[in-house]
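Hydrogens, waters and symmetry mates are skipped; everything else that's a heavy atom, side chains included, is used.
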Amino acid sequence: MRILALVAAMMLPAMAVAEPGDTGLQTSAPTREEAIISSGADAAFRMTVPVMVNGQGPFHFVIDTGADRTVISRETADQLALPQAGTNRLHAMGGAGQVKMVKVDQLQMSNRTTKHLKLAALPRQYLGADGLLGLDSLKGQRIVMDFKAGTMTLQPAETSDASLPDGADLIVVTARTRLGQLVLADADVNGEKVWVIVDTGAQNSVGNSRLRRLLLSRNPKATVTPIEMIDVLGRRFPGDYTIVNRVRIGGVLMGNAAIAFADAHPFKLFGLDKKPSMLLGMEGLRSFERVSVDFSTKKVTFLLPKATTKP
């Protein structure tokens, strides 16, 4: 298994990407029933949901669309006395390293149960929660994050959303797939084309060095603040932080968006290090009333606030 996870000062994004191999994972078939789950928020304002682990809990897991594997905190694993399952290689923002794995018999979220998992156990101080809920626990479903109502809804893929208000102003963006992640290609930052991954495990957005160079060449007087980023392996590395005037994704327009820039390992892993790219975090997503991600149809849908107009 290959796991990718990161933490940044003042930002706290996180991802998990698995290598091919035996994870021992057995997931129940996606339910055809809709499940509405009351959500909370962690210190970084990322959406969390209650999760039962081996029948105990609930524990607070961050919904992480940038992760294809669920991750548990080391403290929660110790609390539940989860058995060790060897080690595996983990790819973090600053590079790779070996991490300890633990066995989980059953993980339950609402009416969906996943059995026989092997999860990386990482320090809670870097995860910012009891765990990260990755795509292995959400596949076959549409994930609907309603920030106004404070709920997350799991719906069968390719079904209509009957809960939408009349006259709802929706913008649907079609994505491509890279290593299981949805990449939005119809996007630009201050007029520069950019590849975007929707990452609900990130508080703020992170761009690569290619995007940084393009933006600063257009506006060399832009204010850039040095920051230090820390990954889940405790490695520290430098980055830059700035505000951009305009981010467009399909028909969605966001202004005054905060972006951190770093030579982050995820961009190389996804084959995006040579292209201007960014991870779109929760700060940008929360500017909408609702965001849904459907991995089956490769579509991301944004519900605009009533006072917002399309660009």
Side-chain angles (χ1 to χ4, degrees), residues 4-17 44-46 64-67 90-96 126-128 175-176 178-179 181-249 252-287:
L4 172 65
L6 77 95
V7 201
M10 300 299 291
M11 278 169 277
L12 199 66
M15 310 180 79
V17 179
F45 295 101
R46 300 175 302 172
D64 191 354
T65 59
L90 180 144
H91 289 256
M93 281 290 284
Y126 299 137
L127 296 181
R176 304 178 185 180
R178 284 178 181 258
L179 291 179
Q181 305 297 325
L182 294 187
V183 181
L184 308 177
D186 182 16
D188 62 69
V189 176
N190 284 359
E192 297 287 353
K193 178 177 173 55
V194 63
W195 298 70
V196 176
I197 295 176
V198 176
D199 184 7
T200 60
Q203 178 185 358
N204 290 90
S205 300
V206 180
N208 64 2
S209 294
R210 177 72 174 172
L211 178 60
R212 179 188 186 278
R213 289 194 296 270
L214 287 175
L215 295 180
L216 291 184
S217 66
R218 273 198 169 202
N219 184 15
K221 296 183 179 180
T223 301
V224 178
T225 303
I227 61 172
E228 184 178 64
M229 305 180 77
I230 309 172
D231 69 12
V232 292
L233 300 178
R235 295 170 177 168
R236 298 172 181 269
F237 55 97
D240 293 322
Y241 184 81
T242 191
I243 304 294
V244 299
N245 297 331
R246 179 181 182 274
V247 176
R248 182 194 63 82
I249 302 174
V252 177
L253 186 63
M254 293 174 282
N256 296 324
I259 302 180
F261 297 100
D263 283 318
H265 186 60
F267 296 113
K268 183 177 181 180
L269 188 68
F270 294 139
L272 295 174
D273 53 322
K274 303 299 183 183
K275 301 177 180 180
S277 308
M278 64 179 285
L279 310 173
L280 178 64
M282 287 297 287
E283 184 180 55
L285 295 173
R286 283 185 177 274
S287 62

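- To the nearest 0.5 angstrom, F261 atom CZ is 8.0 Å from M278 atom CE.
- A distance of 5.0 Å separates CG in D64 from CG in D199, rounded to the nearest 0.5 Å.
- Shown here are the side chain to side chain donor-acceptor pair (under 3.5 Å) partners of N190, two or more places apart in sequence or in another chain: there are none.
- Taking both residues in full, the closest heavy atoms of S205 and G281 are given as OG-N, 3.1 Å, listed atom of the first, atom of the second, then distance.
- Every pair passing side-chain hydrogen bond (donor to acceptor under 3.5 Å, both in side chains) that includes a residue from residues 217-227 is listed here, sequence neighbours excluded: E192-R218.
- With sequence neighbours excluded, the residues forming a side-chain contact (heavy atoms from CB on, under 4.5 Å) with K268 are D273, listed by chain and number.
- For S209, the side chain to side chain donor-acceptor pair (under 3.5 Å) test picks out D263, with sequence neighbours left out.
- Nearest heavy atom pair, residue Y241 against residue A258, reads OH-CB, 3.2 Å.
- For D186, the salt bridge (Lys or Arg N to Asp or Glu O under 4.0 Å) criterion is met by R248, not counting sequence neighbours.
- Taking both residues in full, the closest heavy atoms of A260 and I227 are given as CB-CD1, 4.0 Å, listed atom of the first, atom of the second, then distance.
- Between F237 and A262 the shortest heavy-atom distance is CE1-CB, 4.1 Å.
- Scanning for salt bridge (Lys or Arg N to Asp or Glu O under 4.0 Å) contacts around R210 gives an empty result, with sequence neighbours left out.
- For the salt bridge (charged side-chain N to carboxylate O under 4.0 Å, His left out) condition, no pair includes a residue of residues 275-284, sequence neighbours left out.
- With D240 contributing its side chain and V224 its backbone, the two residues share no donor-acceptor pair below 3.5 Å.
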Self-check item: Chi angles and distances behind the side-chain contact (heavy atoms from CB on, under 4.5 Å) call for V183, V196
Solution: CA-CA 5 Å; V183 181; V196 176; over 6 Å; no
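- Atoms CG and CG, from L279 and L272 in turn, are 9.0 Å apart once rounded to the nearest 0.5 Å.
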Quiz item: Which is it for R212 and I259 under the side-chain contact (heavy atoms from CB on, under 4.5 Å) test, yes or no, and what are the steps along the way?
Solution: CA-CA 9 Å; R212 179 188 186 278; I259 302 180; over 6 Å; no
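- If you take CG on L216 and CG on L211, they are separated by 9.0 Å, rounding to the nearest 0.5 Å.
- With sequence neighbours left out, A185 forms a side-chain contact (heavy atoms from CB on, under 4.5 Å) with R176, K193, W195.
- By the salt bridge (Lys or Arg N to Asp or Glu O under 4.0 Å) test, R213 pairs with no residue at all, sequence neighbours left out.
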Exercise. Please report the C-alpha distance between T242 and L215 in whole Å, then the side-chain angles of each, then the deciding distance to 0.1 Å, and finally whether the side-chain contact (heavy atoms from CB on, under 4.5 Å) criterion is met.
Key: CA-CA 10 Å; T242 191; L215 295 180; 5.7 Å; no
